[in-house]
Amino acid sequence: MGSGHGSHLHVEGASRLHQVPAHAKLVGLVAFVLAVVSVPNGAHAVLGALLLLAVGVLVSTRVAPRHVLPRLAVETPFAVFALVLPFVAVGPRVDIGPLTVSQTGLTAALALLLKGTTGVVAAIAFAVTTRPRDLVRALQHLKVPDPLVLIASFMVRYVDVVGDQLRRMRVARLSRGFSARSVRSWPVLAAGTGALFIRSYERGERVHLAMVSRGWSGRMPVTDPLAAGPGTWALALLPALVAAASSVGARMAA
């Protein structure tokens, strides 16, 4: 799998985090997110400190903001839900200016926003410092089941191909004067989505047949083995250890 596929996910750099092997970063990311999620919802100060820690890790990658800010859009659904939650949750009510909201919902909304943002920032730090092919190698090294490794590898390999097909279909619609301005355009968009699915499925069949004809055995070949020393593991797991200690401290103080 060439390094050019999915290159929009990775940003070249020379930071310390760029040099950490992918499997160590992946374990550190998962452990950090789990530790953040385990923090009690009412410990907003602890969650805020962990968010600053995640931001610090992201800043240490020295990646330009133009590569980071657009990726934060993935958090939009969580942010919208967090804004709505205080108004729909039940429980004791509190006044915030002219508004009356649920105190339980407000606490949960703040926790959701802080935890979600922390996880997204940490994931972005992982994505911009890890090549897609290194992610696949990390999954292999961590003994993830082969079907999941194959799904991840082909998704990375062909996401750009499917995206390019989608862009060509959009240009074709625009060249014919199509404009999605009303409900009447939905059948056209649905038909285009169906056509894209069929084309992607047929392309997958052709790729599979080509691989089988070349001796495909159903398992990704292992290239260079990954290795990480104690110092590297300590660096990768440091944010997770801080988050775990903070979670334990917050639970004991609650």
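Start at 1 with the first residue, then count along the sequence. These figures come from a predicted structure and were not determined experimentally.
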For the pair [X] (side chain) and [Y] (backbone), establish whether a donor and an acceptor sit closer than 3.5 Å, ignoring hydrogens and angles.
X	Y	result
Arg71	His67	yes
His141	Val136	no
Ser247	Ala244	no
Thr129	Phe126	yes
Gln103	Pro92	no
Lys115	Val39	yes
Ser213	Ala210	yes

- request: Using the test side-chain hydrogen bond (donor to acceptor under 3.5 Å, both in side chains), find all partners of Ser102 that sit at least two apart in sequence or belong to another chain.
  value: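 By the side-chain hydrogen bond (donor to acceptor under 3.5 Å, both in side chains) rule, Ser102 matches no residue at all.
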- request: Count the heavy atoms of every other residue, nucleotide or ligand shown that sit under 6.0 Å from CZ of Arg168, and state whether that count exceeds 12.
  value: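 Enclosed.
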Would you mind reporting whether [Y] and [X] have side-chain heavy atoms less than 4.5 Å apart?
X	Y	value
Leu47	Thr118	no
His23	Arg137	no
Thr100	Val94	no

message: Could you go through Gln165 and Ser200, starting from their C-alpha distance and side-chain angles, then the distance that decides it, and tell me whether this counts as side-chain hydrogen bond (donor to acceptor under 3.5 Å, both in side chains)?
response: CA-CA 9 Å; Gln165 180 68 45; Ser200 301; over 6 Å; no
message: Can you give me the closest heavy-atom contact between Ala109 and Ala82, atom names plus distance?
response: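 Closest heavy-atom pair between Ala109 and Ala82: CB-O, 3.1 Å.
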Side-chain H-bond candidate by donor/acceptor type, Thr61 with Ser15, under 3.5 Å: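 No pair is found: no donor N or O on one side chain lies under 3.5 Å from an acceptor on the other.
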